[in-house]
Amino acid sequence: MNSILDSRPDLTKVINDVAEVTGYLWQNGWAERNGGNITVNITEFVDAEMAAMPAIAPIQPIGKTLPFLKGKYFYAKGTGKRMRDLARLPMQNGAIIRICDDCASYEIIADEPVMPTSELPSHLALQNYLLETGSCYKATLHTHPIELVAMSHNERFLRPDEMTRVLWSMIPETLAFAPLGIGIVPYTLPGSVELADATLEQIRHHDVVLWEKHGTVAVGKDIMDAFDQTDVLCKAAKIYMCARLMGFEPDGMTPEAVREVQQVFNLPTKRPC
Ligand code: 13P
Ligand code: ZN
């Protein structure tokens with residue numbers, strides 16, 4: 001069967017990167033069953049032939065009107081699809097969608113009529129924000145990292161400043177590579193527009209957003225970058241939990257040591273692009 005990826009090496013590379021990352025998600029234990037989802041803005045790879053492709057399934061509503069997405073193209077994981085299957089067969093477990101001119105609905109153009117993820121409102125709200133702000137970021141990743149989700153079951157870690165402080169103080173690299181820290185969204189129904197709106201508010205000022213008792217959402221220049229953002233924070237959570245398992249509350253780096261890293265490495269206070 002023909003694929004939209006045939007004779008499109010640049011697009012194929014981006015989809016293969018998604019497939020590589022979904023393998024990592026599964027190996028990390030973050031992607032039980034159909035857990036987690038991904039979108040990548042692939043508009044830059046759309047040629048005239050692709051732009052002329054008809055919809056292969058009925059038009060569907062997004063649930064939100066997102067003006068900066070008009071005519072944009074995304075690869076999205078399919079709803080109910082497994083990350084571990086997507087790792088082998090990305091075009092059977094995901095779809096390429098085009099946002100319609102009303103900016104409130106989308107159509108599927110390839111390869112198969114796979115319905116995109118139920119978290120599409122959150123992903124597309126973030127994609128709209130990235131385009132609105134002229135960001136170079138293209139990828140959004142929602143996953144279920146065990147340690148971070150476990151921490152979200154405790155009231156102490158639902159305070160975003162406290163959660164960020166603890167994670168930053170576990171290892172200097174967390175601070176260096178997640179300098180905006182982690183935002184928190186109180187428990188909200190999966191797939192809802194309310195969850196999308198709350199996530200958008202938090203991602204403006206944070207590298208990663210933690211959905212209470214559910215998972216994380218990260219944005220990245222590409223899917224590897226979005227994975228790294230999540231991985232760096234999850235590493236800090238693992239160190240915290242290892243210390244607790246050894247029977248003590250970890251000291252953490254001192255506030256002075258944290259400030260020193262921030263100053264010496266001149267860490268950004270907003271997203272670099
Ligand atoms: P989908 O299978 O619809 O992508 O949902 C998975 C998930 O993690 C919902 O939050
Ligand atoms: Zn989820």
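Whatever order the structure lists them in is the order used to number ligands and atoms, beginning at 1. Remember, it's a predicted structure, so these values are computed and weren't measured experimentally.
- Among protein residues, N34, G35, G36, N37, K77, T79, G80, T117, S118, E119, H142, H144, H214 come within 4.0 Å of ligand 1, judged on heavy atoms.
- Restricting H142 to its N, O or S atoms, the one at the least distance from the Zn ion (ligand 2) is NE2.
- Considering every non-hydrogen atom in both T22 and A19, the closest pair reads OG1-O, 2.8 Å.
- Less than 6.0 angstrom separates the ring centroid of F227 from the ring centroid of W30.
- Taking the six-membered ring for Trp and thresholds of 30 and 60 degrees, H142 and W211 have ring planes inclined between 30 and 60 degrees apart.
- In this structure, R98 forms no cation-pi arrangement with Y106, as its terminal cationic atom is not both closer than 6.0 Å to the ring centre and no more than 45° off the ring axis.
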Under the side-chain hydrogen bond (donor to acceptor under 3.5 Å, both in side chains) criterion, do T39 and Q127 qualify, and how do the steps go? CA-CA 9 Å; T39 64; Q127 295 282 3; 3.0 Å; yes
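- Looking at every heavy atom in both residues, P250 comes nearest to Y240 through CG-CD1, 3.5 Å.
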